[in-house]
Amino acid sequence: MFESFWRANGEEATIVIPGWQTMSYFSDVSNLCWFLEPEFAKQIRRLHGLVGNAVVEDRHIVVGTGSTQLFQAALYALSPSDALQPIPVISAVPYYSSYPAVTDFLHSGLFRWAGDANAFQGENYIELVCSPNNPDGFMKQAVLKSDTGKTIHDLAYYWPQYTAISSPANHDIMLFTASKSTGHAGTRVGWALVKDQEIAKRMTKYIELNSLGVSKDSQLRAAKILKVISDGYEFPNSIDAKFFDFGRNHMRNRWERLREVVRETGIFSLPEFPSEDCSFTGDRTSSFPAFAWVKCEWENAQDCAAFLKSYNILTRSGKHFGAGLNYARVSMLDRDETFDVFIQRLYSIK
Ligand code: PMP
């Protein structure tokens, strides 16, 4: 969806990397995260400062190959190395489908997927909190509280195009990604804001052993993209392009069209989101999540994903998110042409 913004304004974000540049493994040996490009760190802090969606003061930044790698680094960093049993990893249903898959992929002896946080009993755990949540779009808080429990906050969607920014998030480990903030999923760059120095060191160690750092080329590109977004707000005379305004207008329009067709067909229902004050825009706004969490209300269509597939609409079944077959998740971020076809196909169900 964001491609059309970058097609119109992308010249400003173009970078050229001569053959002799970015050759070393190292970016800044004086920094805890020694493979973090200083310019990328600067632009991350600047953008969070502008948007007001996360506390950056006194935080360590750890860069990763997408937040997918940082999620694994955080699991490693939070797992006790001397435990007899793997530490349970939990998240409230419906949870992002990659959490169980990634957690158990290598059958680690350090951590093990343990399902729904609401059904969990115990004192030692790692709880994953995704807010706004993939797949259902709601703002979430940790379900469990204990002195020994740990949390990882996945804030991939806590940006003004998707939801109201109510206050700067202030958690121990917060994960962000270029994929959802700017649309550059292919750049494969994410960042973690980490309170505790020892945890940040352990995350850095994981990435050192896993991939010996993170592409500098990608970090420089991501830095430029974040810079263009911030410049659009801070220096509107030099760059006449407001990325988050574009994103929110697009998302609002898509959600209105989706709600209209859902009303007309009468077969599905969608989550309803409260309106809240957004400190970034100064407006009162609803949420326009990156995914629509569709529920099939019709008794002849209890397998929602299969039902939609019979109309050539590809979704991900609710079963992957710890929910029922009557739910399916639909991406709201595809290109305009694809979204138009999606809406047309929904009308054809009527
Ligand atoms: N967290 C959430 C909640 C996501 O939805 C996604 C992408 N679908 C990711 C993390 C992965 O992001 P990245 O591309 O940075 O690995």
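One-based numbering along the sequence shown. Ligands are counted one by one from 1 in listed order, and the atoms in each one are counted from 1 as well.
A donor atom on one side chain and an acceptor atom on the other are found under 3.5 Å apart for Asp154 and Tyr99.
Between Phe120 and Tyr125, the ring planes are perpendicular. Angles over 60° get that label, and only those under 30° would be called parallel. Classification of the Trp159-Phe244 ring pair by plane angle, with boundaries at 30° and 60°, yields parallel. Using the six-membered ring where Trp is involved, His250 and Phe246 have ring planes that are parallel, under 30° apart on the 30 and 60° scheme.
Listed by chain and number, residues touching ligand 1 at under 4.0 Å (heavy atoms only) are Gly66, Ser67, Thr68, Tyr96, Cys130, Asn134, Asp154, Tyr157, Thr177, Ser179, Lys180, Arg188.
Residues in residues 323-335 take part in these salt bridge (charged side-chain N to carboxylate O under 4.0 Å, His left out) pairs, two or more places apart or across chains: Glu3-Arg335.
The closest side-chain heavy-atom distance from Thr182 to Phe2 is not below 4.5 Å.
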